[in-house]
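Heads up: the structure comes next, in structure tokens.
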Amino acid sequence: MVPQSLESAAGGHVLDTPYNEMYESAGAPRSHYRILQDRLKELGTEEIQRRQQAADLSFLQQGITFTVYGEKTGTERIFPYDVLPRIVTAAEWDVLARGMTQRITALNLFLHDLYHDAKIIADGIVPADLVYSCKHYRREMRGIDPPRGNYLTVVGTDLVRTPDGRFAVLEDNLRVPSGVSYMLSNRQVMKRVFPNIFRDYDVRPIDHYGQELLACLREVAPVSQAAARIVLLSPGIYNSAYFEHAFLARQMGIQLVEGRDLVVHDNIVYERTTAGLRRVHVIYRRIDDDFIDPMAFREDSMLGVPGLMNAYRAGNVTLANAPGTGVADDKAVYAYVPEIIRYYLKEDPIVDNVETYLMTRPAERDHALKNLDKLVVKAVGESGGYGMLIGPHSTQTQRDEFREKINAHPRNYIAQPTLSLSVAPCFLEGNIEPRHIDLRVYILFGAHARIIPGGLTRVALRKGSLVVNSSQGGGSKDTWVLNDSPDS
Amino acid sequence: MMLSRVADSLYWMSRYLERAEHTARLLDVQLHIALDVAPHTATVGWFCLLNSLRFEMPAEVAADAGAVTRALAFDPHNAGSIVACVGQARENARQIREQIPSEMWEEINNLYLAVREMSIDRLWQSGPHAFFHSVQRGAQLVAGLSDSAMNHGEGWQFIRLGRYLERAIALAWLLDSHFGIKGADALVEATPSDFVSWAGLLRMATAYESYCRVHTVELQPRRILDFLLLNVEFPHAVHFCARQVDKAITGIAGWTGTSRTAQGHRLAGRLNADLAYDTIDEVLANDLDKCLNKVVTTLAAVHDAVYNQYIGYTVGAVLQGELAGAQ
């Protein structure tokens, strides 16, 4: 049975009533959720519970787990998974897809400009000190021309739905976005657990992600596409995302390598095999800029490949994503993305940003410091939900601490209104309850943009919580993008 | 063709497991023998065991069963101890978990957990035989799984190479220390008092029953040496191991397109041929010491050659080779 509580908003604080993904008003599901509600009623709680257990078991058996180190038994835990799908209509997706294509196109042009003539700075659109003070700006990238002018091959953009029902971009992940393996395995499990409900909906497939990614990597190769040898560079087994690295390498049928498997000689990159050296042309790297080449960046890095940046500069190898893309997902630079889109594309942004106060602007900083209890403050260089102050859930001590930090280093912080993220029904310990969610969409860009119709819907599993990051008690659910509205 | 790093991990995983199994068996047999013989004989036995593992201990503790067992089984700072070897085997397997059957990984992990839980105090309480037996069985299970659950491709050849190269060296050292300590007298007919130690040697090579089936229970040193050195059918004989090393190297050469004149290939082939055509009389006439020494140095050279050819090669050498090949 679907309890009444499903139709009420989660949490009891001062925020606006969140957008409810499933219900238009009490007892009235949105048309594209009607079939799901009927099916869930037919199944009943016990049966849903049984299927949730089957899903959990499936994740465990496939080894889609986190290993918890330091425990004798080598405990493995699954990434919490909610069996109820999140459904996105064709019309909603159409706006998102166009918006994301526009955004990645503009950001790519922005990066090219920053590392060449920096016209956008000369024209006064983005302040110079903002760009050059960003720790992810890489001088080593100036004047380099990556194949097809492509800096961003894989992007994961986090979107939230605001109370008025519109999607807004919360942040872009332009360096090494992760989580796509969960998107793909969630779908696999979902098709096994709820085959009938899945069949009732006309859901767009996402299984071709690996092929599309490989195609993009080929398109940015420095040599002919057919001859290109492509590898995935991982930091190795101790990295928490190693499962995903191995998973994607398998999905694409390419070799997973570590830094020590690669050598650079005369600016050519090779992998060491038992039959000698084999040239590598494209590296899908899952290692941060800082660690890819101890000769160019952090010299204490054991994970990288000495000389890799020289080979890259010489145009003999493609790194995807390019080094230095982090300057465009800096949380302060983010505030300028709408202007960046207008500047390069002469278009208005299709999907909005979330309102953002820059602490470098005195008026906005004063406003923020007066309203710390209502705002979210984020450190510009952090991700994964770290270095954050959530005003309405904070203590006076925490606010004082952030006030000091902001005054000391205004460039390092931004503030945003505390967003009332939309809620979706989740199956939690035998009950269906609303929880806050967001959406990470994966955008691939080679010769052109490719957007996989789906994404990773992240769930804040704790009641009332607004933090969806997996490192902070978040879970995920399958995301269905429909071909058409089911009742049309 | 596979990544050098992966080949390296497979090879060492296999070598370390073989080493752990061998050490466990030696300790198991010697602790058993020490119950049956006079204190002096037991002391000689412990010296002999340490010598066969090329492990040095201060003379005052070298005959102390407790101290030796602790050092060889549980001392994490001794790179050859069981706990260190199993740990290294697991670490290597962990690096390539995606490349080996999951059953294999699970057994290595189980072995590791069991070894790590054991301590010298608990060993004496629960009986050392059960523990050393379980270590041997764990390593044998992994070896069996590699044969039955894994593709017999290039990676499997590296596992096979590691196992038999390690075993051949361990056997050569074992024979060297047993026949070396007993000297020339060792080769005359065994006296009844020697029976325990000759049976011990055979048991240390899992050869007691196999030997008896061929030569009956009349334990003659010359026959024992013949059996453990030149037999080609028994898996813990030096010749059998050398032949497996040769086959593994031939297999790897096939997968990687290595020339048959490559160093490792020639050395392994020649060692196998020597052992195939030698007789025990010739070996003894030419000095057993020399023969065993040649086995060990040749295998060490094979290891180096494999490393230079497939794993630790310098970039310059390979590129020069390619240029020369292209001309």
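Letters A, B, ... are given to chains in the order of the sequence lines, protein chains preceding strands, and every chain is numbered from 1. Owing to the predicted nature of the structure, the values given are computational and were not obtained by experimental measurement.
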Next on the checklist: I want to check something: taking the side chain as every heavy atom from C-beta on, are B:Trp12 and B:Glu91 in contact at a cut-off of under 4.5 Å?
Outcome noted: no
Item to check | Geometric cation-pi criterion, A:Arg279 with A:Tyr270: 6.0 Å, 45° | outcome: no
Checklist entry - What part of B:Gln309 lies closer than 4.5 angstrom to a heavy atom of chain A: side chain, backbone, both or neither? => result backbone
Item to check | Sub-6.0 Å ring centroid separation between B:Tyr16 and B:Tyr11 | outcome: no
Next on the checklist: Quick check on A:Arg272 against chain B: is it the side chain, the backbone, both or neither that has a heavy atom closer than 4.5 Å?
Outcome noted: both
Checklist outcome for this item: Heaviest contributor of heavy-atom pairs below 4.5 Å to chain A, chosen from B:Val306, B:Ile311, B:Thr256, is B:Thr256
Item to check | Donor on one side chain, acceptor on other, A:Asp56 and A:Gln52, under 3.5 Å | outcome: yes
Next on the checklist: Need one label for A:Glu258: side chain, backbone, both or neither, based on atoms under 4.5 Å from any heavy atom in chain B.
Outcome noted: both
